[in-house]
Number of protein chains: 2
Amino acid sequence: MNKEVCMKHACVKSASSEHVKRATPPSFLLKTHTLVEDPPTNDIISWNDQGTTFIVWRPVELARDLLPTLFKHSNFSSFVRQLNTYGFRKVASGRWEFHHNMFRRGERQLLCEIQRRKAWDSKLPQSLVKTTMKESNDHQRFSSSMSSSPSSYVSLSYENKRLKRENGDLCVELASTKKKCNELLNLVAFHLNSKKMVVEQRPKLFGVWLDLPQEKRREHEEFSENMSALSSQC
Amino acid sequence: MNKEVCMKHACVKSASSEHVKRATPPSFLLKTHTLVEDPPTNDIISWNDQGTTFIVWRPVELARDLLPTLFKHSNFSSFVRQLNTYGFRKVASGRWEFHHNMFRRGERQLLCEIQRRKAWDSKLPQSLVKTTMKESNDHQRFSSSMSSSPSSYVSLSYENKRLKRENGDLCVELASTKKKCNELLNLVAFHLNSKKMVVEQRPKLFGVWLDLPQEKRREHEEFSENMSALSSQC
DNA sequence: ACAAATATTCTAGAACC
DNA sequence: GGTTCTAGAATATTTGT
């Protein structure tokens, strides 16, 4: 019996990492399955005709009246996030109908086959600690807020207030700097264009610009190249 | 010749597609700002007291009654997705209150500063600095030694960390923007100087510049004035 | 108690329109 | 640029030993 289940599962999840069959399904799946099966709430959430998907007919009522009784929230979006975490997919369009191969009417035992996603990082619980936080020095030196590490709730609170203020100030200054940068760019683009006109309209004699020596023209070209580089970043 | 033409286009295109103030903000921002300002719907969505954030008091009613009149849907989650796309952040918890530095009561013109975020724009909000398990444990050890409101200390600590990260990112971007601004300025100053030399050395005959008509000289003077105004701020 | 697993929240990616 | 569906990431809570 157990062997059969494991075999079947191995076939289905051939490309993924192996998994161990759970003794009891996650409570989210149990609660949701019970909810869908429950006849009194079929006007809010129910199976489709074949019992292969379930449909949320009234998301507002589900969120307001049912979710809080099962979970610690009343947000439809949190419910959907959980469904996606367990691999459910919304089917078709226009209504909140979800499907999972192992989520079917009357087949409660199948829930054990459903795996929560993103559990793949449970392999090395402590080896991550060693090196990953070494280079926070770079951005530290930019901020005046890094001078001391607060050791109490009160100082943390004060620092938070200050950080928020600094943050707002930085946003404003950044916006203003970007604005000036762009004004500069526009101004220069216009100016460059007008100079180009002057240069091109200047009379040429014997293949030489009358009043613009070679070095000036080279300057102009370098300027154009620099402008091009800068404008692509600003 | 072709080079200069391309150059001009590069400038103009860059200017219009990046940080230059748009003529009209995206309709989403205009509609949302109008919606928040509208007094009759203040029981559903309104400014906070200071006019620095807005609060959705009744998400269900907003989705059902208001969203369809402005957009082509009636999903609260789609509305939230748009807010995030434009850089709004949910503030605090427990209610749908959103903030953006450039989204304020009565300041409709500020909307032009708001940039829609795209895939390649993942630098500012994202940070390389990862929370490590060690740091987490430090916080927990700290909080468990606190006699009063340990969870508050922990969340304050998390927020503190996030603020510092954002602060550092902002500083980096600000420094980079200022640097570009200065490079632009230097480039332009040099260019301006060389042009001035050319202009002043040009022969004058009967009180008239030989090859620089009056309008060009006026342009040049206006340009210089604009430049000096900008350089004093940058 | 501790670390892992799960749950909840908020934000972003990506496909499609 | 907008809408939809799914996933990432941070935080909070529960569970297993």
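Predicted model only: the values in this text are computed from it and were never measured. Numbered from 1 within each chain, the chains take letters A, B, ... in sequence-line order.
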Requested in this report: Check the pair Y86(A) / F103(A) against ring pair (Phe, Tyr, Trp, His ring centres under 6.0 Å), numbers first and verdict last.
Outcome: CA-CA 10 Å; Y86(A) 281 100; F103(A) 195 83; over 10 Å; no
Query raised in the report: Do R81(B) and T85(B) have a side chain donor and acceptor closer than 3.5 Å?
Result: yes
Query raised in the report: Got a second to check how far L110(A)'s CG is from L29(A)'s CG, nearest 0.5 Å?
Result: 11.5 Å
Query raised in the report: Using a heavy-atom distance cut-off of less than 4.0 Å, which residues of residues 27-36 of chain A contact DNA chain C?
Result: S27(A), F28(A)
Query raised in the report: R116(A) side chain N/O closer than 4.0 Å to the phosphate oxygens (OP1, OP2) of dA5(C)?
Result: no
**Report entry** S78(B) backbone acceptor or donor facing N75(B) side chain under 3.5 Å
**Finding:** no
Query raised in the report: Heavy-atom contacts under 4.0 Å between residues 68-90 of chain A and DNA chain D, which residues?
Result: K72(A), R81(A), N84(A), R89(A), K90(A)
Query raised in the report: Quick one: OG1 on T41(B) to CG on L66(B), what's the gap to the nearest 0.5 Å?
Result: 5.5 Å
Query - Between N48(A) and T52(A): side-chain donor-acceptor atoms closer than 3.5 Å - result: yes
Query raised in the report: Taking it one step at a time, do F76(A) and F76(B) satisfy ring pair (Phe, Tyr, Trp, His ring centres under 6.0 Å)?
Result: CA-CA 10 Å; F76(A) 188 64; F76(B) 187 64; over 10 Å; no
Query raised in the report: Between Q115(A) (CD) and dA5(C) (P), how many Å, whole number?
Result: 11 Å
Query raised in the report: Going from CZ on F54(A) to CZ on R105(A), what distance comes out if it is rounded to the nearest 0.5 angstrom?
Result: 14.0 Å
